[in-house]
Every structure is written in C-alpha cells, then in structure tokens.
Amino acid sequence: MNILKSVSSKEGRSIELVSGGRRLPDSLVLVVGVFHGDEPQGDYLIRKYLDKKVSDLLFIPCLNPDGMSVNKRVNSNGVDLNRNFPTKNWGKNEGENATCDDANTSYYGGEAPGSEIETKFLIDIIDEYKPRLILTLHSPYCVVNYDGPARDVAERISKIIDYPAEGSIGYPTPGSFGTYCGVERNIPVITLELDEKIPVENLVQPVFEIFDYIARFSD
C-alpha cells in the first residue's frame, strides 16, 4: 500500500489517499470509505482488499476518522460530510433527512459549503487525479445508488451484490457528494449502500468482486 497524499483531521488523525498498485494508470478509479463515522464497513473492506490484492485503484479507506472513532455520523465539527459539498443546492432544507441548516442535527451541512478538512481533501484529490469513476461505500440501505453517467456500471454492480440499482436514494440530499461530482461535474458516481445487519465479513466476497470489476475502468 502506497500513501500518495494525506492530511490530518481536526483531532489529528490521518486521512490518506492510497494506492494498492505499483503504478498509476492513465485513467483512475477512486473508492472512498467512511463518509459517516457510524458506517465503518468501508474502512474494513478496503483495508482487507489491500492486504490481499495488488490493484490500480485509488482508495481513501476512511474519510471521517474522527467520527469513526466515536461511532458518530458527523465529523468532529458536527458536520455531515455528505451535506458539505459546494453544490447549487447546498444548505437548503428540503425535507426528511435533509436538515442541513440546523447544527443540532446529524445532517448539518456546515457553516459554509466545502468548509471541512475532509471535504477539501476529497475535492483536491478529484481536481488533481481526475478519476473517471468514483465508488463510495455507505450503509445501511442495500441499494446501488448512482449519480451522473453511471447507470450501466450501477446495473452491473447490482448483479454482483444483488441490490437494486436506483437513480435516487429516496430523500433529498442537498450538498451531497453525488450531486457535486455526479450531477454537477458529470463524473460517474456510485454510492454503494451496504447491509449493516449482516457481519461485515459476509460482504468481503461481493465487494471484492465489485472492486475487481471497477478496476477494469483503469487503463
């Protein structure tokens, strides 16, 4: 595992961009785990994969280490990172699960769009490496959600893991990563919502197969 870039969280924990390969291909694919600290499956699965595989994928195993350390959705500033991206709809309270303008909720979008260390780090990575496909790992909804031109990829992933492929998660997500990258920047984005009711070890086989599949998008 090669650390390509890193930044320290507010509480001093490392947030790392890593590669499991010996080279950087011309067309990169990025996988991001743990936007939400109470959804730790991504960190486990990415690190397990990197222990076993040589891969040309880029990974951020844990975007929100401060939240994960205390099993909370938000980061150390109380911000939901998946409501903090500088989208056209950032900060709009659009309904259930979208109370991003209230600092007392777990969906708070921050004082300003892109205000958080974690958000800035991910935006910088995307600007520098220009991934052609991005996969983020969440839980618990058992769905392959897609934004931007990613329907074909989502349908293939759906067949691997036996979750439905959906263009909407079912509720508003102002300031979300999918809106920022998929809708507004036209980068194919997959939000893979994993089953939190089963042991994470049971997800290893299908998720590894998904990682192997998306690695084919790298030259």
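Every value quoted in this text rests on a predicted model; they were computed, and no experiment measured them.
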Between Asp212 and the options Arg156, Lys52, Lys53, the salt bridge (Lys or Arg N to Asp or Glu O under 4.0 Å) test singles out Lys53
Are Leu57 and Val54 joined in one hydrophobic group, where the rule is that I, L, V, M, F, W and Y side chains link up if heavy atoms are under 4.5 Å apart? no
Side chains of Ile46 and Val18 in contact at under 4.5 Å (non-hydrogen atoms): no
Quick one: pull up OG in Ser19 and CE in Met1 and give me the separation to the nearest 0.5 Å. 10.5 Å
Is there a donor-acceptor pair under 3.5 Å between the side chain of Asn84 and the backbone N or O of Ala112? yes
Passes side chain to side chain contact (heavy atoms under 4.5 Å, CB included), Leu133 versus Leu135? Steps please. CA-CA 7 Å; Leu133 173 69; Leu135 172 70; 5.8 Å; no
What about Ile198 and Ile210, same hydrophobic cluster or not, with Ile/Leu/Val/Met/Phe/Trp/Tyr joined at side-chain heavy-atom distances under 4.5 Å? yes
For side chain to side chain donor-acceptor pair (under 3.5 Å), just list the numbers for Glu118 and Asn75, CA-CA rounded to whole Å, side-chain angles, deciding distance to a tenth of an Å, and then say yes or no. CA-CA 9 Å; Glu118 301 89 346; Asn75 73 352; 3.1 Å; yes
Using a 6.0 Å cut-off, check whether atom CG of Asp51 has over 12 heavy atoms from anything other than its own residue. yes
Which value, rounded to the nearest 0.5 Å, describes the distance between Ile157 atom CD1 and Asp162 atom CG? 14.0 Å
Do Leu30 and Leu122 have side-chain heavy atoms sitting under 4.5 Å apart? yes
Less than 4.5 Å apart, any side-chain heavy atom of Phe121 and any of Leu17? yes
Let's go through Thr105 and Asp80 carefully: what are the C-alpha distance in whole Å and the side-chain angles of both, what is the deciding distance for side chain to side chain contact (heavy atoms under 4.5 Å, CB included) to 0.1 Å, and is it a yes or a no? CA-CA 9 Å; Thr105 77; Asp80 180 347; over 6 Å; no
With side chains defined as the heavy atoms from C-beta onward, is the minimum distance between Thr191 and Phe177 less than 4.5 Å? no
Are the side chain of Asn2 and the backbone of Gly20 linked by a donor-acceptor contact shorter than 3.5 Å? no
To the nearest 0.5 Å, how far apart are CD in Gln205 and CD1 in Ile161? 9.0 Å
Full working for side chain to side chain donor-acceptor pair (under 3.5 Å) between Arg185 and Tyr180: CA-CA 6 Å; Arg185 299 186 63 166; Tyr180 174 72; 2.8 Å; yes
Common cluster, Val34/Ile60, ILVMFWY with side-chain heavy-atom separation under 4.5 Å: no
Are the side chains of Ile169 and Glu193 in contact, using a 4.5 Å heavy-atom criterion? yes
Can you confirm whether Pro149 sits close enough to Asn186 that some side-chain heavy atom of one is under 4.5 Å from a side-chain heavy atom of the other? yes
Residues passing the salt bridge (Lys or Arg N to Asp or Glu O under 4.0 Å) test with Arg151, sequence neighbours excluded, are Glu155
Considering all heavy atoms of both residues, which atom of Phe211 and which atom of Leu137 are nearest to each other, and what is their separation? CZ-CD1, 3.9 Å
Evaluate the side-chain proximity of Lys5 to Tyr129: yes if any heavy-atom separation is below 4.5 Å, no if none is. yes
Closest heavy-atom pair and its distance - Val29, Ile214: CG2-O, 3.6 Å
Do side-chain atoms of Glu116 reach the backbone of Leu81 as a donor and acceptor pair under 3.5 angstrom? no
Show which side-chain atoms of residues 61-70 pair as donor or acceptor with protein atoms under 3.5 Å away, not counting sequence neighbours.
residue, atom, partner, partner atom, Å
Asn64, OD1, Gly67, N, 3.0
Asn64, ND2, Phe35, O, 3.2
Asn64, ND2, Arg73, O, 3.3
Asn64, ND2, Val74, O, 3.4
Asp66, OD1, Ser9, OG, 2.7
Asp66, OD1, Arg13, NH1, 2.9
Asp66, OD2, Ser9, OG, 3.1
Asp66, OD2, Glu11, N, 3.2
Asp66, OD2, Ser76, OG, 3.1
Ser69, OG, Arg13, NH2, 3.4
Ser69, OG, Asp66, O, 2.6

Are any of the side-chain heavy atoms of Ser55 and Tyr49 separated by less than 4.5 Å? yes
Under the criterion side chain to side chain contact (heavy atoms under 4.5 Å, CB included), I'd like the reasoning laid out for Gln41 against Glu196: C-alpha separation, chi angles, the key distance, then a yes or no. CA-CA 8 Å; Gln41 294 90 342; Glu196 70 173 4; 3.6 Å; yes
Minimum heavy-atom distance Thr179-Thr173, with the two atoms named: OG1-O, 4.2 Å
I'd like to know if the side chain of Trp90 reaches the main chain of Pro174, judged simply by a donor and an acceptor atom lying under 3.5 Å from each other, with no hydrogens or angles considered. no
To check you understand the geometry: which heavy-atom pair defines the closest contact between Cys142 and Pro164, and what is its length? O-CD, 3.4 Å
When rounded to the nearest 0.5 angstrom, what distance separates OH in Tyr107 from CG in Asn82? 11.0 Å
List the atom of Ser6, the atom of Glu16, and the distance in Å for their closest heavy-atom pair. CB-CG, 4.0 Å
Let me confirm one number: the CG-OG distance from Asp195 to Ser139, rounded to the nearest 0.5 Å. 9.0 Å
Other residues, nucleotides and ligands only: do more than 12 of their heavy atoms fall within 6.0 Å of CD on Glu111? no
Residues Lys48, Phe208; criterion side chain to side chain contact (heavy atoms under 4.5 Å, CB included); working and verdict: CA-CA 9 Å; Lys48 193 82 169 176; Phe208 280 21; 3.8 Å; yes
Consider only side-chain heavy atoms of I, L, V, M, F, W and Y, link residues closer than 4.5 Å, and tell whether Val143 and Val183 are in one cluster. no
Ignoring hydrogens, what is the shortest heavy-atom contact between Cys181 and Ile126? Give both atom names and the distance. SG-CD1, 3.4 Å
